Undergrad: 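Just dropping this structure here.
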Amino acid sequence: MKTSRGGAPASGASDMAHIVLTFEDNRLASALFGQFDEHLALIEQKLGVDARARGNKVEIRGDQAAAEQARRALDHLYERLQGGSEIGSKDVDGAVRMAIAQDDQLYLPTLEKKGRMALAQISTRRRTIHARTPTQDAYIRALDRAELVFGVGPAGTGKTYLAVAHAAQLLERGQVDRIILTRPAVEAGERLGFLPGDMKEKVDPYLRPLYDALYDMIPAEKVERALAAGAIEIAPLAFMRGRTLANAAVILDEAQNTTSMQMKMFLTRLGENARMAVTGDPSQIDLPPGQKSGLVEALRVLKDVSNVVTVRFEAKDVVRHPLVQAIVEAYEAEATRQREAGPPLDR
C-alpha cells in the first residue's frame, strides 16, 4: 500500500488533510472498500471524513486527526485481507474504534502512537477474531497471560464469546486437554431432576450461548466428537463441587447469579495448568432479594490478589447492533438518576 498526501492546506484550514492511499491488489482493494463502497461509507459516518474510491485508490479528506484515523483503519484492514481474512462491516467498525483509541490514548502500550495498529487476536482453525474495542484488546491479552480472568460488563460486549474462543484456541494448540463450560441455572433453582432427558439435555438451554460460540470456533462435527470424548464438557455449577479442574480451560458464565458459597467453591476448583474465565453482568442479578452475588463479592475480595485480572466492559464496548449500546446507555443513565435522587419518600 502506498500513501501520499496533498499539498499545504489553504489558509484557515490548517487542521484539514488530504490523503491518497493506493492498494496494489485490485481484488483486495475491492473487498476493502466493500460492495458499493459500503465500508468507506461506514468510515465516513464514524469519522466525519470524505472517502472516495477511484479504482484501487481512495482519497480521504477531512479533519487531520480523523483522516489519519481512517488511514490507519484502512491500512489495518488491508493487512488482514492480505493475510487471507475476510472483513465485514463489524470489522470496519472495530478498526475505526481502535484507531480512535490510539489518539485518545485510552491505554494499550502495544498500540504504536500514530503508527500501525497491533490488535490482539484469537486464532482457531475455523476463524481468527480481532479485538474490536480497546477493552476487548485488554481482555484477550489478559486471557493469554493470567490464570484467572474476570470479564464483567453489559451484554453484547463479547466477554463470553471471546472467553470461549480463547478456550477453543488453547484446546486446538494442545495447551489444555479439555474445555469445561458451566453456568448457574438460576431459573430452575439448579434442581434439574424434574426436567426430561439426560444431564446434557437438562442444562443445554442454559448453556446455549456457550455452545453458539463454540460452533463458531470449531466445526459442529468436531464439537460433537469432543463432547462424546469428554474433551468438551458441560456441567451445571452445582455439580462442580468436590472436583479439581486440571489441564482445562474453564468458563463460568452468568456469574452474577452465583451465591457467595458457589463462587468460592468454583474458584477453589482451580488445578494445575488450568485457566479460568469468569464472565457476568453485575447489573443483571437474578438472585432472590437479599441474596448476595458471588461475583460482586469476588471482585471485591480478590482485587489485590496477584495473577487475577479483572477487565471491566462498558456500554461503549457493545459490539452488537448499535441499538443495544443505546439501550445499555439508557439503562445506565436511569440507574444513575435513581441513585442521585435517593430512596423514594413514603407517601
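Because the structure is a prediction, the values reported are computed rather than measured.
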Undergrad: Quick one: OG1 on T124 to CG on D216, what's the gap to the nearest 0.5 Å?
TA: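 If we round to the nearest 0.5 Å, T124:OG1 and D216:CG are 9.0 Å apart.
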Undergrad: For side-chain contact (heavy atoms from CB on, under 4.5 Å), just list the numbers for K303 and V308, CA-CA rounded to whole Å, side-chain angles, deciding distance to a tenth of an Å, and then say yes or no.
TA: CA-CA 8 Å; K303 61 180 175 30; V308 175; over 6 Å; no
Undergrad: Is there a donor-acceptor contact under 3.5 Å from the side chain of N257 to the main chain of P184?
TA: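 It does not hold such a pair.
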Undergrad: Just how far is it from atom CD of E147 to atom CG of N273, taken to the nearest 0.5 Å?
TA: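 Spacing of CD (E147) from CG (N273) equals 8.5 Å.
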Undergrad: Could you tell me whether the side chain of R269 and the main chain of K264 form a donor-acceptor pair under 3.5 Å?
TA: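 Looks like no, no N/O pair under 3.5 Å.
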Undergrad: Examine distances only and state if a side-chain atom of K90 and a backbone atom of R132 form a donor-acceptor pair shorter than 3.5 Å.
TA: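 Answer holds: no.
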Undergrad: If you draw a 6.0 Å radius around CD in E86, do more than 12 non-hydrogen atoms from other residues or ligands fall strictly inside?
TA: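 Counting other residues, nucleotides and ligands, CD of E86 stays at 12 neighbours or fewer.
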Undergrad: Can you find a heavy atom in the side chain of E68 that is under 4.5 Å from one in the side chain of I60?
TA: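 With C-beta onward as the side chain, the pair stays apart.
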Undergrad: Closer than 3.5 angstrom, by distance alone: can the side chain of Q256 be matched with the main-chain N or O of D281 as a donor-acceptor pair?
TA: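 Pair found, side chain donor or acceptor close to backbone of D281.
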Undergrad: Any side-chain heavy atom of I180 sitting closer than 4.5 Å to one from M240?
TA: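 Sidechains of M240 and I180: in contact.
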Undergrad: Please evaluate residues L148 and L267 with respect to the criterion side-chain contact (heavy atoms from CB on, under 4.5 Å), reporting the C-alpha separation (whole Å), side-chain torsions for both, the decisive distance (0.1 Å), and the verdict.
TA: CA-CA 9 Å; L148 173 57; L267 295 176; 4.0 Å; yes
Undergrad: Set out, in order, the CA-CA distance, both residues' side-chain angles and the distance that settles side-chain contact (heavy atoms from CB on, under 4.5 Å) for K292 and L287, then state yes or no.
TA: CA-CA 8 Å; K292 183 163 51 176; L287 293 169; over 6 Å; no
Undergrad: If I compare all heavy atoms of V176 with all of A248, which pair ends up nearest, and what's the gap?
TA: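 Shortest heavy-atom contact: CG1-C, 3.9 Å.
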Undergrad: What is the minimum heavy-atom distance between L171 and A231, and which atoms define it?
TA: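 Minimum heavy-atom separation between L171 and A231: CD2-O, 4.3 Å.
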Undergrad: Indicate every side-chain donor-acceptor pair of residues 30-43 with a distance under 3.5 Å to a residue at least two apart or in another chain.
TA:
from: H39; atom 1: ND1; to: A31; atom 2: O; distance (Å): 3.4
from: H39; atom 1: ND1; to: L32; atom 2: O; distance (Å): 3.0

Undergrad: For E44 and A51, indicate whether the former's side chain and the latter's backbone hold a donor-acceptor pair under 3.5 Å.
TA: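 Confirmed, E44 side chain pairs with A51 backbone.
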Undergrad: If only atom types and distance count, is the side chain of T279 paired as donor or acceptor with the main-chain N or O of G151 below 3.5 Å?
TA: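 Not a single qualifying donor-acceptor pair exists.
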Undergrad: Would you call V319 and T133 a side-chain contact if the rule is heavy atoms closer than 4.5 Å?
TA: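 Contact flag for V319/T133 side chains = yes.
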Undergrad: What do the steps show when you test T268 against F266 for side-chain contact (heavy atoms from CB on, under 4.5 Å), and what is the final call?
TA: CA-CA 5 Å; T268 54; F266 173 77; over 6 Å; no
Undergrad: For R61, is there an ion pair with E59 - N to carboxylate O distance below 4.0 angstrom?
TA: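 Salt bridge flag = yes for R61 with E59.
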Undergrad: Verify, without hydrogens or angle tests, whether Q64 (side chain) and M16 (backbone) share a donor-acceptor contact under 3.5 angstrom.
TA: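 Checking the backbone N and O of M16 against the side chain of Q64, no donor-acceptor pair under 3.5 Å is found.
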Undergrad: Are the charged groups of R243 and E233 less than 4.0 angstrom apart, N to O?
TA: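 Result for this pair is yes, salt bridge flagged.
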Undergrad: Using a distance-only test with no angle check, is there a side-chain donor-acceptor pair under 3.5 angstrom linking E224 and Y215?
TA: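 Present: a donor and an acceptor within the cut-off.
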Undergrad: Given side chains that start at C-beta, do those of F150 and L302 come closer than 4.5 Å, heavy atoms only?
TA: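 Yes; the side chains approach each other to less than 4.5 Å.
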Undergrad: Between E254 and R183, does any NZ, NE, NH1 or NH2 come within less than 4.0 Å of an OD or OE carboxylate oxygen?
TA: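 A salt bridge is present here (some side-chain N lies under 4.0 Å from a carboxylate O).
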Undergrad: Looking only at heavy atoms, what is the nearest atom pair of V318 and A155, with distance?
TA: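 Scanning both residues completely, I find the closest heavy atoms to be CG2-O, 3.7 Å.
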Undergrad: Of the non-hydrogen atoms in Q121 and I140, which two are nearest, and what is the gap between them?
TA: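 Minimum heavy-atom separation between Q121 and I140: O-CG2, 3.9 Å.
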Undergrad: First locate atom CG of D50, then atom NE2 of H18, and finally report the distance between them rounded to the nearest 0.5 Å.
TA: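 Separation between the atoms: 9.5 Å.
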Undergrad: Tell me, do L77 and D91 make a side-chain contact under 4.5 Å, heavy atoms counted?
TA: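 Yes, side chains in contact.
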Undergrad: Grab the two heavy atoms, one from K159 and one from G280, that are nearest each other, plus how far apart they are.
TA: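 Between these two residues, the closest heavy atoms are CE-O, 3.4 Å.
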Undergrad: Return the CD1 to CZ distance between I218 and R225, rounded to the nearest 0.5 Å.
TA: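 Here the interatomic distance stands at 11.0 Å.
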Undergrad: Does E272 use its side chain to pair, donor to acceptor, with the backbone of N247 at less than 3.5 Å?
TA: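 Answer holds: no.
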Undergrad: Does the side-chain hydrogen bond (donor to acceptor under 3.5 Å, both in side chains) test come out yes or no for D137 and H130, once each step is laid out?
TA: CA-CA 8 Å; D137 189 289; H130 293 79; over 6 Å; no
Undergrad: When you compare the side chain of T128 with that of I122, does any pair of heavy atoms fall below 4.5 Å?
TA: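 The answer is no, as the side chains (C-beta and beyond) never meet within the 4.5 Å cut-off.
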Undergrad: For Q136 and T157, indicate whether the former's side chain and the latter's backbone hold a donor-acceptor pair under 3.5 Å.
TA: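 Present.
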Undergrad: Would you please classify the geometry between the Y139 ring and the F313 ring as parallel, tilted or perpendicular, with 30° and 60° separating the classes?
TA: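 It falls in the perpendicular class, over 60°.
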Undergrad: Testing the basics here: between Q69 and I100, what is the closest heavy-atom pair and its distance to 0.1 Å?
TA: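 Closest approach of Q69 to I100: OE1-CG1, 3.6 Å.
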Undergrad: Do the side chains of Y78 and D25 get nearer than 4.5 Å, heavy atoms only?
TA: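 Yes, their side chains come closer than 4.5 Å.
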Undergrad: Could you grab the distance from atom NZ of K222 to atom CE of M217, nearest 0.5 Å is fine?
TA: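 Answer rounded to 0.5 Å: 14.5 Å.
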Undergrad: Do Q262 side-chain atoms and T259 backbone N/O form a donor-acceptor pair below 3.5 Å?
TA: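 Judged by distance alone, yes, a pair lies under 3.5 Å.
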Undergrad: When rounded to the nearest 0.5 angstrom, what distance separates CZ in R275 from CG in L143?
TA: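 CG of L143 is found 8.0 Å from CZ of R275.
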Undergrad: Just jot down the side-chain hydrogen bond (donor to acceptor under 3.5 Å, both in side chains) partners of S260, sequence neighbours excluded, or say none.
TA: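 Only E297 meet the side-chain hydrogen bond (donor to acceptor under 3.5 Å, both in side chains) criterion with S260.
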Undergrad: Measure the shortest side-chain to side-chain distance between H166 and I129 over non-hydrogen atoms and say whether it is less than 4.5 angstrom.
TA: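 No, too far: nothing below the 4.5 Å cut-off.
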